[in-house]
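Here is the structure we will look at, set down as structure tokens.
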2 protein chains.
Amino acid sequence: MSTQSFAYAQVREVLTKQITELQLTGSLPSERELCATFDIARSTLRQALGQLENMGLIYRKNRSGWYVCPRKLKYDPMQHASFLQYTTAQGFQPSTVLLEQKKQKPCKEIATALELDGRASLTSILRVRSVDGRAVVVEDLNFSNKHLPDIDKHDLSLSISMLLKNTYQHHKVLYDISVESCCLFNPIAQHLDTYDGALGLKVTRIVRDQQGTAFEFDREFWRHDALMIENKAKLQF
Amino acid sequence: MSTQSFAYAQVREVLTKQITELQLTGSLPSERELCATFDIARSTLRQALGQLENMGLIYRKNRSGWYVCPRKLKYDPMQHASFLQYTTAQGFQPSTVLLEQKKQKPCKEIATALELDGRASLTSILRVRSVDGRAVVVEDLNFSNKHLPDIDKHDLSLSISMLLKNTYQHHKVLYDISVESCCLFNPIAQHLDTYDGALGLKVTRIVRDQQGTAFEFDREFWRHDALMIENKAKLQF
DNA sequence: CAGTGGTCTAGACCACACC
DNA sequence: GTGTGGTCTAGACCACTGT
């Protein structure tokens, strides 16, 4: 059962054991070195490495080498914890870089979600967030100017959850969240220090006020190997 | 921006447009045919196909060909809807096959989660669930016999949520759920009609009664292209 | 049986990272 | 400048699907 007949599967299993049993945290030997070790062609080796990558065990830095993945960040979309809160609570060093801020008209998807017409005004920001110096998510946040007057006058590089709470008195909110696997393409892939076509997780969020009026539409593009959705809930049959 | 310099990216974009714009639902031409069409080597073509697969646009049936993915199933771990309920509500035809049922001792992961010692007794079942004839998830369910006496005496090929409700009066439950991307290996991959190493989503669930005592530990291995997590919640700042 | 995807080889050249 | 991964070629043989 544990012995596989194919070369890539054997290499995958050997490397898996080395990584998990030795709890490695550094980098792997070069591809050509591993080819020699296992006596296989480079494309076969890369098939094995690609699966370890999909397992979230290793990742590549562009043209630099393969590295063992750090532990995943746990993220509960139901808790209203800020990025700063839940990363530090798990022992990570978070940081955020604002890439872009602009006013624009909504695309069709956002117009539908926020029940706006195409001429409405949005304040949109794009930012990349890192833990321990590793970029893990690109966020595309879109706020309806109609529901949040003059939001573009504020400094959106600071905490936005604090801004909503203090300036706009949004003390209770409703969330519609979806999570699915996706591919990360340029330029998002570049912001995440990964390659065009890399695996990702896409989190989409519609935020509503206590009346149920949607005022914010977010898209989060996560490295697939950096994120674990976690969630505690009380239910009724 | 939309024109990419690499062959695989160009092929990926052309096929993406054909699939989404023509809203195709059938199969693709054979790999060798596509190689001739785009005048590229087969491994380059397969790089493009692999990315379309990661995007959830196409999938392969073993040695039969490439097919366009059907729409994704939406799944809300917070709603206590049964598989039957939420699949039919979305217009799918669900079916379930019980693969295995046995009594066993807990592994370390389960023992920790259910706060059992290694000699405790579990009733475990393995089943595969399909929508419209396509296998989408393998479920590994584990029930603590101590908390659910004689559960192994019941017919677990029927609705388990009904059994818990009617026989064990579990009207309220607490869930701990996690979702992360993973790789699907044999024999799970085989049950899902996919290949060893295919991309998946793993959903882990600890189920507790109203006192907070854990009595069930589940692992769900989903085809990554069959599932979208959806979730509506009311929060407080 | 013919055709399909699955595995694998042994090269090549390139852009970029790192020193 | 040297070494790295990224892209790409042109084959080969195999296991299996579908007829």
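By convention in this document, chain letters (A, B, ...) are assigned in the order of the sequence lines, proteins followed by strands, and residues within each chain are numbered from 1. These numbers were taken from a predicted model, which means no experiment stands behind them.
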| Is B:Y195 touching bases, backbone alone, or none of the nucleic acid, heavy atoms closer than 4.0 Å? |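 Since no nucleic acid heavy atom lies under 4.0 Å of B:Y195, the category is nothing.
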Checklist entry - So does B:Q104 have more than 12 non-hydrogen atoms from other groups sitting under 6.0 Å from CD? => result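 Atom CD in B:Q104 is crowded, with more than 12 foreign heavy atoms closer than 6.0 Å.
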**Report entry** Bounds of contact between DNA chain D and chain A, in 5' to 3' order, using a heavy-atom cut-off under 4.0 Å
**Finding:**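 The contact span of chain A on DNA chain D goes from D:dT4 to D:dT7.
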What's touching nucleotides 17-19 of chain C from the protein side, N or O pairs under 3.5 Å?
none

Would you say the side-chain atoms of [X] pair up with the backbone N or O of [Y], donor to acceptor, closer than 3.5 Å?
{"X": "B:D176", "Y": "A:K232", "answer": "no"}
{"X": "A:D140", "Y": "A:L126", "answer": "no"}
{"X": "A:D196", "Y": "A:N186", "answer": "yes"}
{"X": "B:E139", "Y": "B:R219", "answer": "no"}

With sequence neighbours left out, write down each residue that passes side chain to side chain donor-acceptor pair (under 3.5 Å) with B:R63, or none if nothing qualifies.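 Residues passing side chain to side chain donor-acceptor pair (under 3.5 Å) with B:R63: none at all.
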Q | B:T44: partners by side chain to side chain donor-acceptor pair (under 3.5 Å), with sequence neighbours left out | A |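 Partners of B:T44 by the side chain to side chain donor-acceptor pair (under 3.5 Å) criterion come out as none, since no residue qualifies.
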According to the interplanar angle, ranging from 0 to 90°, do the rings of B:F6 and B:Y8 count as parallel (below 30°), tilted (30 to 60°) or perpendicular (above 60°)?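 The rings of B:F6 and B:Y8 lie parallel, inter-plane angle below 30°.
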Please give me the minimum heavy-atom distance between B:C183 and A:Q51, naming the atom from each residue.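 The pair with the smallest heavy-atom distance is SG-O, 3.6 Å.
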Separation of C:dT4 C1' from B:L28 CG (nearest whole Å) =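 In whole Å, C:dT4 C1' lies 13 Å from B:L28 CG.
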Please report the distance, rounded to the nearest Å, between CD in A:Q190 and P in C:dC16.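 Interatomic distance, CD of A:Q190 to P of C:dC16: 10 Å.
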ask   = Got a sec, which residues hit salt bridge (Lys or Arg N to Asp or Glu O under 4.0 Å) with B:E53, two or more places apart in sequence or on another chain?
value =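 Salt bridge (Lys or Arg N to Asp or Glu O under 4.0 Å) check on B:E53 returns B:R60.
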### Task
Taking only heavy atoms on the protein side, list every residue of residues 42-51 of chain B lying under 4.0 Å from any atom of DNA chain C, sorted numerically.
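The stretch gives B:R42, B:R46 as the residues lying under 4.0 Å from the strand, ordered by number.
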